[in-house]
Amino acid sequence: MPTATFFRLPEEKRKRLIDACWGELTRVRFTDVSINQIITAARIPRGSFYQYFEDKEDLVWYLLEDLRTYFVDLLRNILVEAEGDLFVLPLLAYDRFISQRGHTDPKLTLFIQLLRLNQGIDLQSFMAGPSNFLPDELWEAVDPGKLRQSSREYADQVFHLGCAVLGFAIVETLHDPARSARIREMTKVRIDLLRYGGAAEGYKEVTV
């Protein structure tokens with residue numbers, strides 16, 4: 001956690017430092033982050049860095065928590081707008097993260113670069129913790145009555161699958177922004193499959 005001195009910095013200086021930190025975190029893996037690179041880009045003395053953060057691990061976790069807060073707050077607002085419907089969340093989130101021209105939310109762009117550089121990052125712990133993927137802040141906004149089962153565990157699985165659909169749509173769009181409208185339509189189909197299932201009426205399950 002940053003020190004009180006960090007939060008007392010003038011806004012321009014604090015922004016310059018954070019921009020320099022993000023520049024480094026999106027350049028190399030967490031383990032290779034260089035404080036020298038950060039202080040050079042931020043134009044501050046090395047001693048000043050340690051007045052703001054205990055070490056580079058302190059810095060990394062602060063930025064990750066700031067990113068997590070951004071995503072959770074955004075998804076919570078969308079979920080409230082969707083009246084607690086987890087099945088509506090992925091498509092609305094896609095519309096917030098990806099513009100009609102295929103442009104990506106800047107915070108999402110940062111996060112994707114972090115994932116590329118740090119393969120194997122624990123997304124479950126990033127989102128909510130070791131036992132759930134659905135953060136508490138989102139669970140509080142869920143309407144369990146819209147689910148086949150009203151338990152937190154069931155909602156967690158629906159959220160997990162919805163995030164998979166959303167993540168795949170975002171990756172497809174980044175690969176080919178010109179197809180964003182088509183990708184959005186396919187995302188809706190996938191969400192409908194998640195909501196209603198894909199089996200024909202009267203389908204008899206085969207034991208395997």
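Positions are given from 1 along the sequence.
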### Message
Take a 6.0 Å sphere around CD of E11 and say whether it holds more than 12 heavy atoms from other residues, nucleotides or ligands.
### Response
no
Side-chain polar contacts of residues 45-59 - donor-acceptor pairs under 3.5 angstrom, sequence neighbours left out - could you list them?
unit_1, atom_1, unit_2, atom_2, d
R46, NH1, N36, OD1, 2.5
D55, OD1, E57, N, 3.2
D55, OD1, D58, N, 2.8
K56, NZ, T31, O, 3.1
K56, NZ, V33, O, 3.1
D58, OD1, M1, N, 2.2
D58, OD2, E54, N, 3.0

### Message
Count I, L, V, M, F, W, Y as connected when their side-chain heavy atoms are under 4.5 Å apart, and connections chain through other members. Are V171 and L115 then in the same cluster?
### Response
no
### Task
Determine the minimum heavy-atom distance between Y94 and S180, stating which atoms define it.
OH-O, 3.4 Å
### Task
Kindly indicate, with the supporting measurements, whether the criterion side chain to side chain contact (heavy atoms under 4.5 Å, CB included) is fulfilled by N77 and L74.
CA-CA 5 Å; N77 289 338; L74 178 61; 5.5 Å; no
### Message
Please tell me whether V165 and Y196 are part of a single hydrophobic cluster in this structure, the criterion being side-chain heavy atoms less than 4.5 Å apart.
### Response
no
### Query
Between CZ of R190 and CG of D192, what distance do you get to the nearest 0.5 Å?
12.0 Å
### Query
With a 4.5 Å limit on heavy-atom distance, are the side chains of R184 and D95 in contact?
yes
### Message
Pair I18, Y62 - check side chain to side chain contact (heavy atoms under 4.5 Å, CB included), show working.
### Response
CA-CA 10 Å; I18 291 300; Y62 168 70; 4.0 Å; yes
### Summary
Note: P135 and F159 closest approach over all heavy atoms is CD-CE2, 3.9 Å
### Task
Please check if atom NZ in K146 has more than 12 non-hydrogen atoms from other residues, nucleotides or ligands closer than 6.0 Å.
yes
### Task
Of all the heavy-atom pairs spanning R76 and E140, show the shortest one and how long it is.
NH1-CB, 3.8 Å
### Summary
Between L9 and R14, the two heavy atoms sitting closest are O-NH1, 2.9 Å
### Message
Side-chain heavy atoms nearer than 4.5 Å, only ILVMFWY residues, links allowed to pass through others: does that put L108 and L91 together?
### Response
no
### Message
Would you compute the distance between atom CD1 of I191 and atom CG of L161 and round it to the nearest 0.5 angstrom?
### Response
9.0 Å
### Query
Where do L75 and L138 come nearest, in terms of heavy atoms and distance?
C-CD2, 3.7 Å
### Message
Between D156 and R152 (salt bridge meaning N to carboxylate O under 4.0 Å), is one present in this structure?
### Response
no
### Message
Nearest 0.5 angstrom please: D105 CG to Y70 OH, how far?
### Response
3.5 Å
### Message
Salt bridge or not between R182 and E172? Use side-chain N to carboxylate O under 4.0 Å.
### Response
no
### Task
Could you state whether F71 and F168 fall into the same hydrophobic cluster, counting links through intermediate Ile, Leu, Val, Met, Phe, Trp or Tyr residues with side-chain heavy atoms under 4.5 angstrom apart?
no
### Task
May I ask you to test the L63-L110 pair for a side-chain heavy-atom distance under 4.5 Å?
no
### Query
Heavy atoms, side chains only, cut-off 4.5 Å: are L86 and Y154 in contact?
no
### Task
Tell me, with the steps shown, if I183 and I98 meet side chain to side chain contact (heavy atoms under 4.5 Å, CB included).
CA-CA 11 Å; I183 292 168; I98 306 291; over 6 Å; no
#### Entry: K13 and I44: CA distance, side-chain angles, deciding distance, side chain to side chain contact (heavy atoms under 4.5 Å, CB included) verdict
CA-CA 9 Å; K13 187 173 183 179; I44 62 172; 3.9 Å; yes
### Query
Where the side chain of R29 meets the backbone of N118, is there a donor-acceptor pair that is under 3.5 Å apart?
no
### Task
Given salt bridge (charged side-chain N to carboxylate O under 4.0 Å, His left out), test E24 with R27 step by step and report yes or no.
CA-CA 5 Å; E24 180 67 1; R27 186 183 70 86; 2.9 Å; yes
### Task
Find the distance between CZ (R195) and CG (L147) and round it off to the nearest 0.5 Å.
10.0 Å
### Summary
For F87, the ring-ring contact (aromatic ring centres under 6.0 Å, His included) test, sequence neighbours excluded, returns none
### Query
Any chain of hydrophobic side-chain contacts (each under 4.5 Å) joining V80 to L92?
no
#### Entry: Presence of salt bridge, K107 and D66, under 4.0 angstrom
yes
### Euclidean distance, I112 CD1 relative to L174 CG, rounded to 0.5 Å
4.5 Å
### Task
Rounded to the nearest 0.5 Å, what's the gap from CG on L25 to CG on L117? Could you check?
9.0 Å
### Message
Give me the atom names and distance for the closest heavy-atom approach of A169 to T187.
### Response
CB-OG1, 3.2 Å
